[in-house]
Amino acid sequence: MGETSARTHVVEAGGEGPLLVIHGGAGRRLHEMTAAQKAETDEALARALEAGYAVLEQGGPAEDAVIAAIHVMEDAPCFNCGRGAALTLGGRAELDAALMLGDGNVGAACGLTTAKHPIDVARAVMERTPHVLFSEPAAELLDEWGIEQVENDYFVTPARLAALEEWKALHETGDDHPETRHGTVGAVARDVRGHIAAGTSTGGITGQQPGRVGDSPLCGAGTYANGQTVAVSCTGTGETFIQEVAAYQVHARVSMAGEALPDAAAAMLAGVDARGGNGGVIVVPASGAGVVGFTDGAQMNYGWAHGDTRVTHE
Ligand code: ASP
């Protein structure tokens with residue numbers, strides 16, 4: 001693990017060959033997680049790694065590994081995506097997701113309120129339409145795409161309702177700790193053929209205005225992949241990641257400025273930090289070790305699988 005600057009931290013992940021790196025969000029928390037919450041998060045990260053890496057071990061494509069890992073996290077209420085997502089000011093879940101492959105194929109959706117696995121909608125947009133991004137696709141369209149749908153209540157957990165109430169109370173006092181409101185999950189993978197893919201799935205930020213969309217579903221901001229360089233998934237204060245065009249910036253630094261991957265990730269995060277944001281990034285390159293990076297003070301849930309090695313950390 002290296003501390004590339006006083007305000008960003010970068011960890012190398014794995015090496016050549018099939019590689020999966022995942023994150024379960026980064027940010028500062030109002031409260032320390034309890035031992036039980038830590039154990040739950042760790043167990044879910046480990047299951048996501050197993051599900052995703054099994055695909056790579058069987059010779060499956062990078063995008064299938066990304067989706068398998070994200071499915072596990074979308075089902076686990078401890079992450080800000082799918083069930084257990086952060087709630088809007090109106091107490092509802094509005095979910096966003098994106099999937100991008102190294103060959104440039106990309107699909108994304110925002111404002112989802114019934115799709116059990118938002119990452120499946122991203123894939124459907126990529127595979128079944130000539131478009132890149134859908135906002136609030138109609139239930140009939142989701143049916144047509146074979147997307148499993150649930151009532152919005154399915155996503156709403158007691159913990160997230162309590163977090164919303166707590167945030168509202170703090171917000172009234174003007175002390176709302178914006179850096180504590182987010183989470184998000186993501187996965188980046190390289191398969192046995194050397195193809196790479198990136199996916200991100202989120203509930204946004206606690207107490208966001210209905211209709212607000214962050215960086216996660218935006219190609220180049222929260223999610224990006226280019227087969228010549230990197231697959232990237234971000235988490236953090238979405239507005240600052242959009243302003244930094246964060247995921248694309250990592251690609252641009254590597255491909256155009258010739259920066260080493262850890263330096264590129266750290267420099268992008270330094271830009272986020274300079275704008276008053278915080279969060280993290282995971283990157284898998286077309287060859288070599290991946291990278292996990294996060295801003296100073298952010299707690300980052302992440303994991304990676306490579307060969308027989310499995311690492312999870314928070
Ligand atoms: N980046 C996400 C958003 O702004 C939130 C997060 O990563 O926690 O919607």
Side-chain angles (χ1 to χ4, degrees), residues 21-30 33 41 45 70 73-74 76-82 84-89 92-98 100 108-113 118-119 122 133 135-136 155 159-160 163-164 167 176-188 198-224 232-250 265 268-269 271-273 275-283 292-295 297-302 314:
V21 185
I22 63 174
H23 70 75
R28 297 186 188 113
R29 298 196 179 87
L30 269 184
M33 282 207 279
T41 304
L45 285 173
I70 290 181
M73 295 189 280
E74 286 177 336
C78 53
F79 299 115
N80 173 15
C81 65
L87 303 175
T88 68
L89 213 43
R92 276 164 64 82
E94 291 182 7
L95 311 171
D96 311 325
M100 186 162 186
C110 58
L112 300 167
T113 54
I119 196 69
L133 175 63
S135 166
E136 301 175 56
F155 302 110
R160 288 294 181 185
L164 178 61
W167 177 76
D176 65 1
H177 296 272
E179 73 277 14
T180 63
R181 294 161 63 198
H182 50 77
T184 294
V185 307
V188 285
T200 311
S201 180
T202 189
I205 57 177
T206 299
Q208 69 182 12
Q209 291 281 345
R212 177 262 180 194
V213 178
D215 60 314
S216 308
L218 302 184
C219 174
T223 309
Y224 187 72
V232 185
S233 171
C234 301
T235 173
T237 41
E239 285 70 11
T240 55
F241 280 79
I242 294 171
Q243 288 166 314
E244 284 295 309
V245 200
Y248 181 82
Q249 187 187 137
V250 176
M268 179 278 283
L269 290 168
V272 167
D273 180 77
R275 290 182 187 275
N278 69 85
V281 64
I282 53 172
V283 192
V292 179
F294 44 97
T295 57
Q299 289 163 296
M300 178 91 170
N301 293 312
Y302 66 88
E314 183 276 326

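We count ligands from 1, going down the list as the structure has it; atoms in each ligand are counted the same way.
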- Would one find an N or O of Asp215, backbone or side chain, under 3.5 Å from an N or O of ligand 1? yes
- Task: Quick one: do Ile70 and Val185 satisfy side-chain contact (heavy atoms from CB on, under 4.5 Å)? Show the steps, please.
- Result: CA-CA 7 Å; Ile70 290 181; Val185 307; 4.2 Å; yes
- Which residues share a side-chain contact (heavy atoms from CB on, under 4.5 Å) with Ala163, sequence neighbours left out: none
- Any nitrogen or oxygen of Arg212, main chain or side chain, under 3.5 Å from a nitrogen or oxygen of ligand 1? yes
- Message: Could you tell me, atom by atom, which parts of ligand 1 come under 4.0 Å of a heavy atom of Gly204?
- Response: 5 (C), 9 (O)
- Message: Has Asn80 got a side-chain atom pairing as donor or acceptor with Gly204's backbone, closer than 3.5 angstrom?
- Response: yes
- Query: With only distance considered, is Thr202 within less than 3.5 Å of ligand 1 through an N or O on each side?
  - Reply: no
- So is Gln208 polar-close to ligand 1, meaning N/O to N/O under 3.5 Å? no
- Can a donor-acceptor pair be found between the side chains of Glu94 and Thr88 at a distance below 3.5 Å? no
- Query: Is a donor on one side and an acceptor on the other found under 3.5 Å between the side chain of Glu136 and the backbone of Gly111?
  - Reply: no
- Query: Can you tell me if Gly279 has a non-hydrogen atom under 4.0 Å from ligand 1?
  - Reply: no
- Query: Which of the atoms of ligand 1 are close to Thr184, meaning less than 4.0 Å from one of its heavy atoms?
  - Reply: 2 (C), 5 (C), 6 (C), 7 (O), 8 (O)
- Under 3.5 Å, N or O to N or O, is Gly238 touching ligand 1 that way? yes
- Is Gly222 in contact with ligand 1, taking contact as a heavy-atom separation below 4.0 Å? no
- Heavy-atom side-chain proximity of Gln249 to Val232 below 4.5 angstrom: no
- With sequence neighbours excluded, residues passing side-chain hydrogen bond (donor to acceptor under 3.5 Å, both in side chains) with Thr200: Thr223, Ser233
- Item | Proximal ligand 1 atoms for Ser216, defined as those under 4.0 Å from one of its heavy atoms | 1 (N), 2 (C)
- Note on the structure: For Thr235, the ligand 1 atoms with a heavy-atom partner under 4.0 Å come out as 6 (C), 7 (O), 8 (O)
- Message: Donor-acceptor check, side chain of Glu74 to backbone of Ser201, threshold 3.5 angstrom: yes or no?
- Response: no
- Query: Is there a heavy atom in Gly236 that sits closer than 4.0 Å to ligand 1?
  - Reply: yes
